[in-house]
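Comments concern the structure below.
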Amino acid sequence: MLSCFLLLLMCGYSLAESSKPNIIFMLMDDMGWGDLGINGQPSKETPNLDNMAKEGTLFTDFYSANPLCSPSRAALLTGRLPIRNGFYTSNYHGHNGYTPQHIVGGIPDHEILVSELLSSAGYTNKLIGKWHLGQQEQYLPLKHGFHEWFGSPNCHFGPYDDKTTPNIPVYNNTEMVGRYYEEFAIESHKYLSNMTQYYIQEALDFIERMERNEKPFFLYWAPDATHSPVYSSPMFRGASRRGPYGDAVMELDYGVGVIIQKLKQLGLDKNTLVLFSSDNGAAMIGSAFENGSNGPFLCGKQTTFEGGIREPTIAWGPGFVQQGQVSHQVGSLMDWFATALDLASIAVPKDRIIDGVSLLPVLNGAAEFDRPIFHYRGNALFAVRFGLHKAHYWTWTNSWEEYNTGITFCRGEYLANVTTHEQVNRTLDPVVFQLGRDPGEKHPMKSSTSEYKDAVMTMNSIVEKHMETLKPGQPQFDWCDDSVMNWAPAGCEKLNKCLPIPKSNLQKCVWPH
């Protein structure tokens, strides 16, 4: 009798566990709002993403939490602004920072990641692709709630000489299995690599395995093919009318399509929520040959203008998302944290401020609501959006020194007193745009109008309240040291790929913009 009872109990637990909704985050790298056909890209080369939007919800007013990769990704996984979780630098005022391989800092242990909370609730979690929250062992994903990982801790920059700088490792779980430009080839001069195909296959294998095991899962799929140097596999090279960047987008679109198709084939579609977006706007620093499109929006990556922070965003899941919905709900990548927890019936941590909010009701068709979105650049609050108004308290693109060498974050765009090459404090007279009639931030509102005065009064009140509760985290981007680079990651000895570790040369990190 007892054995029968235990069997029933175990079966009941297994059914409860397998009925938990699955969650997939698809985060692209430097993909712009204007890169999707559904958002008006003329080439119409994203049929799977466009169909995903038709079957789900397309968000038109969705933001990254930062105009640069690492802080944005840390905010996504913690639900907190980078100024709170420490992903910024205090070395300069208003300069961006990230996690190159000589960074000393990384995601702090006291930060609670969505992966850790889902793991505690019985989920099996896998990261596929770029981590970018610190390359030292204590910062890697399997130390922060993920059970599996295939990908790299840093960007795929290179190739390096393995003497002054090591090539970036690719990990399979806790150990490296090779390095970029070596075992994992990237022919940057030809814009070729098979990495996206590896990432697609890893996702399909993981989903199939979780279905067989009847385990709820969290998949964080973070390919980086659209980050310079852009790449695609031979089967997609030359396929796009847009050049190598377009090839990369087409391959990622293909990957999205086969992953969703796999969910349908396995009958997991009605119990899975898929969220697609990008970590920041498309880069404008190179040519259109290698960079994406931010559509009608001003400037790009590195800036807090709309082109640097407004993201192509889609939610899909027949069991949770209203089909064919176009939502103007103002959202943030930080909302994915709260939305995933809400879906999994997990309480949001109460011992800290969580900036993200659950958008689950909106996905189900509930009314949109107003909320402020704070746009930081490094340690400084540059802009705030509330409703259709956006106020810039600081303006800056990059320095004259950089600009005069050909580096620009606003390729082909100039707006007097807005796209400035010096940091200009506009706290006393913010530059305000009404994004409903001026989404491209081309026509600042006149300060003499009552609408401007009312908007500034509202924004100032919001900022004052925000600052009252702001407790900046310990900055993680202040210190760099060549000795912490990827010289000898775990597993290197099995491959005879360990490199000599140089002496420590701890120094303040240099962030030019």
Side-chain angles (χ1 to χ4, degrees), residues 16-27 49 52-65 72-73 75-81 112-125 145 207 210 216-221 256 259-260 263-264 268-278 310-350 352-373 385 387:
E17 187 179 61
S18 63
S19 65
K20 291 177 180 177
N22 306 305
I23 300 162
I24 300 178
F25 288 177
M26 295 179 168
L27 189 69
L49 283 164
M52 180 184 180
K54 292 173 186 175
E55 293 182 355
T57 293
L58 174 70
F59 285 91
T60 61
D61 292 55
F62 209 88
Y63 292 94
S64 66
S72 180
R73 292 163 189 264
L76 160 69
L77 293 176
T78 63
R80 285 156 54 82
L81 286 164
I112 302 174
L113 277 61
V114 65
S115 48
E116 295 170 315
L117 294 167
L118 290 171
S119 176
S120 298
Y123 279 73
T124 299
N125 306 328
I207 292 169
M210 292 301 100
F217 65 84
F218 167 48
L219 171 60
Y220 177 25
W221 194 62
V256 170
I259 290 171
I260 286 181
L263 294 172
K264 292 178 178 179
L268 298 174
D269 52 322
K270 292 180 173 59
N271 196 38
T272 303
L273 174 64
V274 183
L275 300 171
F276 173 95
S277 195
S278 179
R310 200 186 292 209
E311 308 306 329
T313 303
I314 302 169
W316 180 93
F320 311 106
V321 181
Q322 190 174 95
Q323 183 175 345
Q325 182 178 210
V326 177
S327 177
H328 300 289
Q329 173 64 55
V330 176
S332 164
L333 283 179
M334 295 180 291
D335 297 339
W336 287 14
F337 176 93
T339 302
L341 296 185
D342 192 5
L343 186 68
S345 300
I346 300 171
V348 171
K350 303 296 184 185
R352 63 199 62 208
I353 291 176
I354 301 296
D355 296 291
V357 299
S358 175
L359 297 180
L360 205 55
V362 175
L363 299 182
N364 287 320
E368 298 166 4
F369 56 91
D370 283 335
R371 45 85 72 94
I373 298 287
R385 175 173 174 175

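Treat the numbers as computed from the prediction; the structure is a model and nothing was measured.
The CD1 atom of Ile314 sits 11.5 Å away from atom CZ of Phe62, with the distance rounded to the nearest 0.5 Å. Atom CG of Leu58 sits about 9.0 Å away from atom NE2 of His328, to the nearest 0.5 Å. Taking CG from Asn22 and CZ from Phe217, the interatomic distance works out to 4.0 Å, rounded to the nearest 0.5 Å. Here CG of Leu27 is found 9.5 Å from OG of Ser64. Values are rounded to the nearest 0.5 Å. Here the straight-line distance linking atom OG1 of Thr78 with atom CD1 of Ile354 works out to 7.0 Å at 0.5 Å rounding. In this structure, OG1 on Thr272 lies 6.0 Å from CD1 on Ile24, to the nearest 0.5 angstrom.
The salt bridge (charged side-chain N to carboxylate O under 4.0 Å, His left out) pairs that include a residue from residues 115-125 number zero, where partners must be two or more places apart or lie in different chains.
Within the 4.5 Å cutoff, side-chain heavy atoms of Ser72 are placed close to those of Leu333. Tyr220 places none of its side-chain heavy atoms less than 4.5 Å from the side chain of Ser115. Under the 4.5 Å side-chain criterion, counting only non-hydrogen atoms from C-beta, Pro216 is not in contact with Leu118. A heavy-atom distance below 4.5 Å is found between the side chains of Leu363 and Phe59. At least one side-chain heavy atom of Val256 sits less than 4.5 Å from a side-chain heavy atom of Met52. At a threshold of 4.5 Å between non-hydrogen side-chain atoms, the residues Arg371 and Asp335 count as touching. At least one side-chain heavy atom of Val274 sits under 4.5 Å from a side-chain heavy atom of Leu263.
Between Phe25 and Trp336, the two ring planes are tilted [angle within 30° to 60°].
By the side-chain hydrogen bond (donor to acceptor under 3.5 Å, both in side chains) test, Asn125 is found to be paired with no residue, residues two or more places apart in sequence or in another chain being considered. When the side-chain hydrogen bond (donor to acceptor under 3.5 Å, both in side chains) test is applied to Gln325, the partners found at least two apart in sequence or on another chain are Thr57. For Ser358, the side-chain hydrogen bond (donor to acceptor under 3.5 Å, both in side chains) criterion is met by Asp342, not counting sequence neighbours. Judged as a ring-ring contact (aromatic ring centres under 6.0 Å, His included), and not counting sequence neighbours, the contacts of Tyr63 are His375. Residues passing the side-chain hydrogen bond (donor to acceptor under 3.5 Å, both in side chains) test with Gln322: none are found, sequence neighbours excluded.
Under a 3.5 Å cut-off, the side chain of Gln329 and the backbone N or O of Phe369 do form a donor-acceptor pair. When atom types are taken as modelled, the side chain of Arg385 and the backbone of Gly387 share a donor-acceptor pair closer than 3.5 angstrom. Checked by atom type and distance alone, the side chain of Arg310 pairs as donor or acceptor with a backbone atom of Thr60 at under 3.5 Å. A distance-only check finds no donor-acceptor pair linking the side chain of Asn271 to the backbone of Leu268 [under 3.5 Å].
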